[in-house]
Peer 1: 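Here it is, the structure, as structure tokens.
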Amino acid sequence: MELLSTNACFEGEHRRYRHTSAALGCDMEFAVFLPPAAVGNQSRNVPVLYWLSGLTCTDQNFMQKAGAQKRAARLGMAIVCPDTSPRGLGLPGEDDSYDFGSGAGFYINATEQPWAPHYRMYDYVTRELPQLVEAELPVTDQRAISGHSMGGHGALICALKNPGHYASVSAFAPISNPTECPWGQKAFTGYLGEDRSRWEEWDATLLIPTARERLPLLIDQGTADEFLDSQLNPEALADACEKVHHHINLRMHRGYDHSFFFIASFIDDHLDHHGAALGLT
């Protein structure tokens, strides 16, 4: 790993790294917040919250705008924030739209050309990145996962498809039923092909009935979110959970939108949710 920058932050450190990803076949950058417990004179390894960001974001948006570090520092929790896709591969159409290609990896493993060799963000965030982080940084193999919008979708499917891999999961305004919304349909058609049966393993609402582990879901959603009705559909996820008694705490917040103002308003609740599951509170 190549250290790109370090900033002191709430007595801990915010770092940015670059490394060569075997899963994606390119160089990737990611951010890490290490709490004081991991960098002090008597430092110890700490649990990690993996944060998956939404469309168009890099590792920097959440770290600079969400205000998560203060509570994470107090809890003794590291935060790892990967990028949202490979970058600069020169694939045809890679940079043509905000909701497909660069910045829009959707945390799935592509099977269609030319995306299949590189757009394997699911493998990257569930396997390669944790292995790298746990080998090179002062963290344990205790993991939690969360995210926003496309990243909320990513957090949900990563947890649902990997029982025992994460202690907890949460999401802000997730794309809850991507097979039934324009964002998801565009991405899945491009990355996975026209056969909709191949889409089902990447849709949290469709994974809930057969989930082998039933981690409680904490979902925050703003009622003034411009994408609520057209793209996000949290009701479908809640209905699927109700049918199989999968615990979900879907909190609808009057007047809040899709922005980082919304995330910053409730991020401490999510950190406390993960902190409890990780044994930090």
Side-chain angles (χ1 to χ4, degrees), residues 4-10 12-19 28-35 38 46-75 77-87 98-99 102-107 121 124-126 129-130 132-133 137 139 143-159 166 168-175 183 218-222 225 227 232 253 256-275 278:
L4 300 177
S5 64
T6 303
N7 301 94
C9 185
F10 293 105
E13 292 183 6
H14 171 268
R15 302 177 184 176
R16 295 191 70 243
Y17 288 97
R18 179 186 295 125
H19 75 109
M28 291 292 287
E29 295 178 0
F30 66 95
V32 180
F33 172 70
L34 293 174
V46 298
V48 183
L49 171 65
Y50 289 86
W51 174 270
L52 307 184
S53 295
L55 288 167
T56 75
C57 289
T58 69
D59 63 279
Q60 299 184 66
N61 301 76
F62 175 80
M63 288 298 200
Q64 294 181 12
K65 296 181 179 180
Q69 291 93 337
K70 185 174 183 179
R71 184 61 64 95
R74 291 178 178 174
L75 289 168
M77 177 191 300
I79 302 174
V80 171
C81 186
D83 203 346
T84 50
S85 76
R87 304 274 178 176
Y98 79 95
D99 54 357
S102 294
F106 265 82
Y107 305 103
M121 287 298 293
Y124 179 69
V125 299
T126 61
L129 185 60
L132 178 68
V133 167
L137 295 174
V139 302
R143 311 174 197 96
I145 192 164
S146 186
H148 172 231
S149 194
M150 177 185 72
H153 141 77
L156 292 172
I157 63 168
C158 287
Y166 303 100
S168 53
V169 59
S170 71
F172 287 84
I175 304 173
W183 277 342
L218 172 60
I219 311 290
D220 277 342
Q221 174 65 60
D225 190 321
F227 305 113
L232 305 178
H253 299 280
Y256 284 88
D257 59 19
H258 201 69
S259 70
F260 276 90
F261 296 109
F262 167 54
I263 296 173
S265 298
F266 301 102
I267 190 63
D268 283 0
D269 292 349
H270 286 244
L271 294 171
D272 290 342
H273 168 77
H274 297 296
L278 293 167

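Values below: all heavy atoms of this structure, side chains included; hydrogens, waters and symmetry mates excluded. From a predicted model like this one, the values you see are computed outputs, not experimental measurements.
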Peer 1: Rounded at 0.5 Å granularity, tell me how far OH in Tyr17 sits from CG in Asp59.
Peer 2: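 Tyr17 OH to Asp59 CG: 13.0 Å, rounded to 0.5 Å.
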Peer 1: side-chain hydrogen bond (donor to acceptor under 3.5 Å, both in side chains) with Ser149: which residues, sequence neighbours excluded?
Peer 2: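 Testing Ser149 for side-chain hydrogen bond (donor to acceptor under 3.5 Å, both in side chains), a comparison that skips the adjacent residues, returns His258.
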Peer 1: Quick check: closest heavy atoms across Gly67 and Ile267, and the distance to 0.1 Å?
Peer 2: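 Here Gly67 and Ile267 meet closest at O-CG2, 4.1 Å.
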Peer 1: Look up atom CZ in Arg143 and atom OH in Tyr166, then write down how far apart they are to the nearest 0.5 Å.
Peer 2: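 Spacing of CZ (Arg143) from OH (Tyr166) equals 7.0 Å.
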Peer 1: Quick one: closest heavy-atom pair of Ala155 and Leu52, and the distance?
Peer 2: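 So the minimum-distance heavy-atom pair works out to N-CD1, 3.5 Å.
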Peer 1: Work out which heavy atom in Met77 is nearest to a heavy atom in Gly275; give both atom names and the distance.
Peer 2: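 Shortest heavy-atom contact: CE-N, 3.6 Å.
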Peer 1: Quick one: are the ring centres of Tyr256 and Phe266 less than 6.0 Å apart?
Peer 2: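 Yes, the ring of Tyr256 comes within the 6.0 Å limit of the ring of Phe266, centre to centre.
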Peer 1: Measuring from Ser146:OG to Leu49:CG, what's the distance to the nearest 0.5 Å?
Peer 2: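 Ser146 OG to Leu49 CG: 6.0 Å, rounded to 0.5 Å.
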Peer 1: Roughly how far, to the nearest 0.5 Å, is the OG1 atom of Thr84 from the CZ atom of Phe106?
Peer 2: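 Here the rounded value is 10.5 Å.
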Peer 1: Calculate, to the nearest 0.5 Å, the distance between atoms OG and CG belonging to Ser259 and Asp225 respectively.
Peer 2: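 Rounded to the nearest 0.5 Å, the OG-CG separation comes out at 9.0 Å.
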Peer 1: Using side-chain hydrogen bond (donor to acceptor under 3.5 Å, both in side chains) as the criterion, list what pairs up with Asp220, not counting sequence neighbours.
Peer 2: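 With sequence neighbours excluded, Asp220 shows a side-chain hydrogen bond (donor to acceptor under 3.5 Å, both in side chains) to Arg251, His253, His270, given in chain and number order.
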Peer 1: Start with the C-alpha gap between His14 and Thr6, add the side-chain angles, then the distance that decides, and say whether side chain to side chain donor-acceptor pair (under 3.5 Å) holds.
Peer 2: CA-CA 6 Å; His14 171 268; Thr6 303; over 6 Å; no
Peer 1: For Phe30, which of His19, Arg16, Arg15 qualifies under side-chain contact (heavy atoms from CB on, under 4.5 Å)?
Peer 2: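 Among His19, Arg16, Arg15, the one that satisfies the side-chain contact (heavy atoms from CB on, under 4.5 Å) with Phe30 is His19.
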Peer 1: Taking Thr56 for its side chain and Tyr98 for its backbone only, find out whether a donor-acceptor pair lies under 3.5 Å.
Peer 2: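 No; zero donor-acceptor contacts below 3.5 Å.
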Peer 1: To the nearest 0.5 Å, tell me how far Lys65 NZ sits from Cys57 SG.
Peer 2: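 Rounded to the nearest 0.5 Å, the NZ-SG separation comes to 7.0 Å.
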Peer 1: Report the residues that fulfil side-chain hydrogen bond (donor to acceptor under 3.5 Å, both in side chains) with Tyr50, sequence neighbours left out, ordered by chain and then residue number.
Peer 2: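 For Tyr50, no residue satisfies side-chain hydrogen bond (donor to acceptor under 3.5 Å, both in side chains) once neighbours in sequence are set aside.
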Peer 1: Output yes when a side-chain donor or acceptor of Gln69 lies under 3.5 Å from a complementary backbone atom of Met63, and no otherwise.
Peer 2: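 Yes, Gln69 side chain to Met63 backbone: donor-acceptor pair under 3.5 Å.
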Peer 1: Under a 3.5 Å distance rule, please check whether Asn61 uses its side chain to pair with a backbone N or O of Thr58 as donor and acceptor.
Peer 2: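 Yes, the answer is positive, given that a donor and an acceptor are paired below the 3.5 Å cut-off.
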Peer 1: Side chains of Ser53 and His148: do they bring a donor and an acceptor to under 3.5 Å?
Peer 2: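 No, His148 and Ser53 have no side-chain donor paired with an acceptor closer than 3.5 Å.
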